[in-house]
Amino acid sequence: MRNTAKLTTAVLAAGALTFGLSACGSDKGSSSASSDYSGPLVVAASPTPHAEILDYVKDHLAKKAGLDLEVKEFTDYVTPNTATEDGSVGANYFQNQPYLDDFNKKNGTHIVPVVTVHLEPLGLYSHKVKSAEALKSGATVAVPNDSVNEARALKLLAANGLITLKSGVGNEATPADITKNPKKLKFKELEAAQTPRSLDDVDAAVINGNYAISSGLKPAKDALILESAKNNPYGNFLAVKKGNEKDPRVKKLAKLLTSPEVKKFIESKYAGSVIPSF
């Protein structure tokens, strides 16, 4: 029986507010990690595939390894990091390095990666055309509105010849950095979680792998174009607040997440839509 806590939008908002208030009243020592490593390890995770992978570990591997694991599901890309920073959870599993670097810089948080587990290729999807080439002039494409994922989406389109980006543009690229747009594509910026729901309203949408899978899409089959896994910097990892890398529970989980059993589970369950990175 799954013992996964699902948080509503209201609770998430309240959690984010609580973090904001506590941060305002904290002192300079607030960045130091907790040394209390007793009790279950609570991990914040996106529902798909992160929480599913953690649930596999919890149900099949954790007990034998002596790990008491609790999984909390979050549907946004902000609260898992703020909850890890303020100690509400002991770790999180949902993000990649460019996103984390940007988040730490903008929010003053101290989250660090522990071990990379998998890649979810970003893809372009449509309910209206069968190929990227079939997009008509002036077509509207939905993209995630957070800086790193928007840049990642634009780089995907550029890599497939739909647009050209300014030379040297990094992980903060926006539509303003497009130098050539032969199809005169228009861009609709949405919260990443909303992009799958936009497919009936736009001509195409660039969707993060976890949201594509959770909405019933099969990236390896349904994407018009899909990120290559080769030399891809967007692998998703287990992360903790700096200083908690030495937590024995975290070390156990890191080992289990990169075990042959988890690799086999990922390959079997997701059939190329999620790719092990170890």
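Counting from 1, the numbers follow the sequence of the chain as shown.
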Enquirer: With sequence neighbours excluded, what pairs up with Leu100 under the side-chain contact (heavy atoms from CB on, under 4.5 Å) test?
Expert: Asn81, Gln95, Gln97, Asn104, Ile111, Pro113, Phe237

Enquirer: I'd like to know whether Glu52 forms a side-chain contact (heavy atoms from CB on, under 4.5 Å) with Lys269, so could you lay out the CA-CA distance, the side-chain angles of the two residues, the decisive distance to 0.1 Å, and finally the verdict.
Expert: CA-CA 10 Å; Glu52 293 174 347; Lys269 183 172 180 63; 3.4 Å; yes

Enquirer: Within the side chain of Ser126, is there an N or O that forms a donor-acceptor pair under 3.5 Å with the backbone of Asp203?
Expert: yes

Enquirer: How far apart are the C-alpha atoms of Asn244 and Asp247, what are their side-chain angles, what is the distance that settles it, and do they pass the side chain to side chain donor-acceptor pair (under 3.5 Å) test?
Expert: CA-CA 5 Å; Asn244 283 339; Asp247 182 340; 5.9 Å; no

Enquirer: Just how far is it from atom CG of Leu54 to atom CZ of Phe94, taken to the nearest 0.5 Å?
Expert: 13.0 Å

Enquirer: Would you call the rings of Phe265 and Tyr270 parallel, tilted or perpendicular, taking 30° and 60° as the class edges?
Expert: perpendicular

Enquirer: Can you give each donor-acceptor pair under 3.5 Å made by side-chain atoms of residues 158-166, sequence neighbours left out, with the distance rounded to 0.1 Å?
Expert:
{"from": "Asn160", "atom 1": "ND2", "to": "Leu156", "atom 2": "O", "distance (Å)": "2.9"}
{"from": "Lys166", "atom 1": "NZ", "to": "Asp177", "atom 2": "OD1", "distance (Å)": "3.2"}

Enquirer: In terms of side-chain heavy atoms, does Lys72 have a donor or acceptor partner in Ser88 at a distance below 3.5 Å?
Expert: no

Enquirer: Taking Leu67 as the starting point, is it possible to reach Val115 by hopping between hydrophobic residues whose side chains are less than 4.5 Å apart?
Expert: yes

Enquirer: Measuring from atom OH of Tyr56 to atom CG of Leu256, what distance do you get when rounded to the nearest 0.5 angstrom?
Expert: 10.0 Å

Enquirer: Please check: side-chain N/O of Glu245 versus main-chain N/O of Gly243, any donor-acceptor pairing under 3.5 Å?
Expert: yes

Enquirer: Restricting to non-hydrogen atoms, name the atom on Ala51 and the atom on Ala45 that form the minimum distance, rounded to 0.1 Å.
Expert: N-CB, 3.9 Å

Enquirer: Quick one: does Glu120's side chain get under 4.5 Å of Pro219's, heavy atoms only?
Expert: no

Enquirer: Identify the heavy atoms of Leu119 and Asn232 that sit nearest to each other, and give their distance.
Expert: CD1-OD1, 3.6 Å

Enquirer: From Thr82 OG1 over to Phe74 CZ, what is the distance, rounded to the nearest 0.5 angstrom?
Expert: 7.5 Å

Enquirer: Just by distance, with hydrogens left out, do Asn210 and Tyr77 show a side-chain donor and acceptor under 3.5 Å apart?
Expert: yes

Enquirer: So, for Val274 and Pro49, which heavy atoms are closest and what is the spacing to 0.1 Å?
Expert: CG2-CG, 3.9 Å

Enquirer: Honestly curious: do Val141 and Val169 fall in one hydrophobic cluster under the side-chain, below-4.5 Å linking rule?
Expert: yes

Enquirer: Assess the residue pair His50 and Tyr93 against the criterion (ring pair (Phe, Tyr, Trp, His ring centres under 6.0 Å)); give the C-alpha distance rounded to whole Å, side-chain angles, the decisive distance to 0.1 Å, and a yes or no.
Expert: CA-CA 6 Å; His50 309 79; Tyr93 174 34; 4.8 Å; yes

Enquirer: Is there a path from Val71 to Ile213 through hydrophobic residues (I, L, V, M, F, W, Y) whose side chains come within less than 4.5 Å of each other?
Expert: yes

Enquirer: Does any part of the side chain of Asn208, heavy atoms only, come nearer than 4.5 Å to the side chain of Arg152, both counted from C-beta?
Expert: yes

Enquirer: Within a strict 4.5 Å, meaning less than it, do heavy atoms of the Pro121 and Ile275 side chains meet?
Expert: yes

Enquirer: What's the spacing between Arg197 CZ and Leu190 CG if we round to 0.5 Å?
Expert: 10.5 Å

Enquirer: So, the side chain of Asn236 versus the backbone of Tyr234: is there a donor-acceptor pair under 3.5 Å, distance only?
Expert: yes

Enquirer: Would you check, one step at a time, whether the test side-chain contact (heavy atoms from CB on, under 4.5 Å) holds for Asn171 with Lys155?
Expert: CA-CA 9 Å; Asn171 290 319; Lys155 288 178 181 179; 3.2 Å; yes

Enquirer: Taking C-beta and beyond as the side chain, do Glu70 and Val89 meet within less than 4.5 Å on heavy atoms?
Expert: no

Enquirer: What I'd like to find out is whether the side chain of Asn149 reaches to under 4.5 Å of the side chain of Val206, using heavy atoms alone.
Expert: no

Enquirer: Say whether, by atom type as modelled, one donor and one acceptor occur between the side chain of Ser268 and the main chain of Lys264 under 3.5 angstrom.
Expert: no

Enquirer: Working to the nearest 0.5 Å, report the span between OG of Ser147 and CG of Asp102.
Expert: 3.5 Å

Enquirer: Under 3.5 Å, side chain of Arg249 to main-chain N/O of Pro40, donor-acceptor pair present?
Expert: yes

Enquirer: Is there a side-chain contact between Leu217 and Leu199 (heavy atoms, below 4.5 Å)?
Expert: yes

Enquirer: Atom CD1 of Ile53 and atom NZ of Lys263: how far apart are they, to the nearest 0.5 Å?
Expert: 13.5 Å

Enquirer: Strictly distance-based, threshold 3.5 Å: is any side-chain N or O of Glu150 a donor or acceptor partner for the main-chain N or O of Thr174?
Expert: no

Enquirer: What pair of heavy atoms forms the shortest contact from Val240 to Ala91, and how long is it?
Expert: CG1-CB, 3.8 Å

Enquirer: Should Leu185 and Leu124 be regarded as members of a common hydrophobic cluster, given that ILVMFWY residues are connected when their side-chain heavy atoms come within less than 4.5 Å of each other, either directly or indirectly?
Expert: yes

Enquirer: Kindly indicate whether the side chain of Val148, heavy atoms from C-beta on, has any atom under 4.5 Å from the side chain of Phe103.
Expert: no

Enquirer: Is it possible for you to say whether Leu253 and Phe278 belong to one hydrophobic cluster, with membership spreading through side-chain heavy-atom contacts below 4.5 Å?
Expert: yes

Enquirer: Verify, without hydrogens or angle tests, whether Lys241 (side chain) and Glu85 (backbone) share a donor-acceptor contact under 3.5 angstrom.
Expert: yes

Enquirer: Take atom NZ of Lys186 as the centre, draw a 6.0 Å sphere, and report whether it contains more than 12 heavy atoms from other residues, nucleotides or ligands.
Expert: no

Enquirer: Just wondering, do Leu135 and Leu224 contact through their side chains at under 4.5 Å, heavy atoms?
Expert: no

Enquirer: Please check this pair: side chain of Lys188 against backbone of Ala205, looking for a donor-acceptor N/O pair closer than 3.5 Å.
Expert: no

Enquirer: Under a 3.5 Å distance rule, please check whether Lys58 uses its side chain to pair with a backbone N or O of Leu69 as donor and acceptor.
Expert: yes

Enquirer: For residues Thr75 and Ala193, report the shortest heavy-atom separation together with the two atoms involved.
Expert: O-CB, 4.1 Å

Enquirer: Closest approach of Ser259 and Leu61, non-hydrogen atoms and distance?
Expert: OG-CD1, 3.8 Å

